[in-house]
K.L.:
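Sharing a structure, written as structure tokens. Questions coming.
These numbers were taken from a predicted model, which means no experiment stands behind them.
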Amino acid sequence: MLNIEDANRKSKEAVDGVLKSYSEVAKSWQAIATETGEFSRKYLQDATSYFEQLMGVRTIEAALELQTNFAKSSFETAVAQTGKLTELYSELGKTLVKPLEAAASQSTSVFTKTTL
């Protein structure tokens with residue numbers, strides 16, 4: 001039989017779990033937003049510098065070399081950024097699944113206790 005104290009304790013545990021999960025999810029989103037903002041800021045600085053250098057170029061060969069270096073650098077930066085964001089989104093996914101895993105585990109243990 002379930003008494004009031006047990007029900008109160010279980011509901012408090014559930015609320016605490018939800019609040020902890022919300023806090024962890026918010027931190028993950030904040031990390032993603034920060035990383036994306038930093039990437040955007042750096043890319044804008046690099047692009048501005050590239051265009052400033054391009055304005056001072058006197059030959060087509062120099063312009064092509066500058067453009068090639070900028071494209072290569074941009075590609076490498078984008079690949080690295082994709083890796084960072086993939087890791088951050090993976091961590092977010094794990095954070096989102098934690099409460100579901102706990103609930104499934106708890107319901108499984110309750111089910112096995114009641115059926116055995």
Side-chain angles (χ1 to χ4, degrees):
M1 183 161 105
L2 187 68
N3 62 28
I4 297 297
E5 290 83 25
D6 287 342
N8 285 338
R9 182 178 49 78
K10 292 215 182 272
S11 65
K12 182 182 180 326
E13 289 173 2
V15 169
D16 289 344
V18 168
L19 291 176
K20 181 181 177 191
S21 175
Y22 175 77
S23 175
E24 290 174 5
V25 168
K27 287 177 186 176
S28 293
W29 280 117
Q30 182 64 39
I32 290 168
T34 300
E35 187 63 39
T36 302
E38 286 296 316
F39 172 74
S40 298
R41 181 188 57 77
K42 183 172 180 340
Y43 182 79
L44 185 59
Q45 287 176 345
D46 292 347
T48 302
S49 174
Y50 162 70
F51 283 115
E52 287 172 354
Q53 291 174 9
L54 190 60
M55 297 302 286
V57 170
R58 302 242 187 254
T59 65
I60 291 177
E61 291 83 17
L64 287 175
E65 182 180 348
L66 183 64
Q67 197 281 329
T68 301
N69 291 338
F70 177 73
K72 181 180 176 185
S73 173
S74 295
F75 177 76
E76 290 170 352
T77 302
V79 168
Q81 183 66 21
T82 301
K84 289 178 187 176
L85 287 176
T86 299
E87 185 177 319
L88 289 172
Y89 277 108
S90 174
E91 289 300 316
L92 174 62
K94 290 175 187 175
T95 300
L96 290 170
V97 170
K98 280 182 190 177
L100 299 175
E101 288 177 341
S105 174
Q106 186 178 26
S107 65
T108 303
S109 68
V110 168
F111 179 74
T112 54
K113 287 179 185 177
T114 58
T115 58
L116 295 179

K.L.:
Write down the atom of Glu35, the atom of Leu88, and the distance for their closest heavy-atom approach.
P.N.:
CB-CD1, 3.8 Å
K.L.:
Using the rule given for side chain to side chain contact (heavy atoms under 4.5 Å, CB included), can you reason through Asp46 versus Tyr50, listing the C-alpha separation, both sets of side-chain angles and the distance that settles it, and then say yes or no?
P.N.:
CA-CA 6 Å; Asp46 292 347; Tyr50 162 70; over 6 Å; no
K.L.:
Would Phe39 and Ile32 show up in the same hydrophobic cluster when neighbours are defined by side-chain heavy atoms closer than 4.5 Å?
P.N.:
no
K.L.:
Check Thr95 against Glu24 and note the closest heavy-atom contact, atom names and distance.
P.N.:
CG2-CB, 3.5 Å
K.L.:
Mind checking side-chain contact (heavy atoms from CB on, under 4.5 Å) for Ser49 and listing every partner two or more places apart, or none if nothing turns up?
P.N.:
Gln53
K.L.:
Does Lys84 pair with Glu87 as a salt bridge, N-O distance under 4.0 Å?
P.N.:
no
K.L.:
Any idea which heavy atoms bring Leu54 and Ala63 closest together, and the distance?
P.N.:
CD1-CB, 4.0 Å
K.L.:
Give a yes or no answer on whether the side chain of Ser90 reaches the backbone of Thr86 with a donor-acceptor pair at less than 3.5 Å.
P.N.:
no
K.L.:
Starting from Trp29, can I reach Leu85 by hopping between I/L/V/M/F/W/Y residues whose side chains sit under 4.5 Å apart?
P.N.:
yes
K.L.:
Sequence neighbours left out, what passes side-chain contact (heavy atoms from CB on, under 4.5 Å) with Ser74? Give chain and number order.
P.N.:
Tyr43, Phe70
K.L.:
Quick one, Glu76 with Lys72, criterion side chain to side chain contact (heavy atoms under 4.5 Å, CB included). Give me CA distance, side-chain angles, the key distance, then yes/no.
P.N.:
CA-CA 6 Å; Glu76 290 170 352; Lys72 181 180 176 185; 3.2 Å; yes
K.L.:
Can a donor-acceptor pair be found, under 3.5 Å and without considering hydrogens, that links the side chain of Thr77 to the backbone of Ser73?
P.N.:
yes
K.L.:
Flag yes if Leu66 and Phe51 sit in one hydrophobic cluster, no otherwise; membership is Ile, Leu, Val, Met, Phe, Trp, Tyr, and two members link when side-chain heavy atoms are under 4.5 Å apart.
P.N.:
yes
K.L.:
Can you tell if the side chain of Gln30 reaches within under 4.5 Å of the side chain of Lys27, non-hydrogen atoms only?
P.N.:
no
K.L.:
What are the two closest non-hydrogen atoms of Ser28 and Leu92, and how far apart are they?
P.N.:
CB-CD1, 3.6 Å
K.L.:
Before accepting this row, confirm whether a basic side-chain N of the pair Lys94/Glu91 lies closer than 4.0 Å to the acidic partner's carboxylate O.
P.N.:
yes
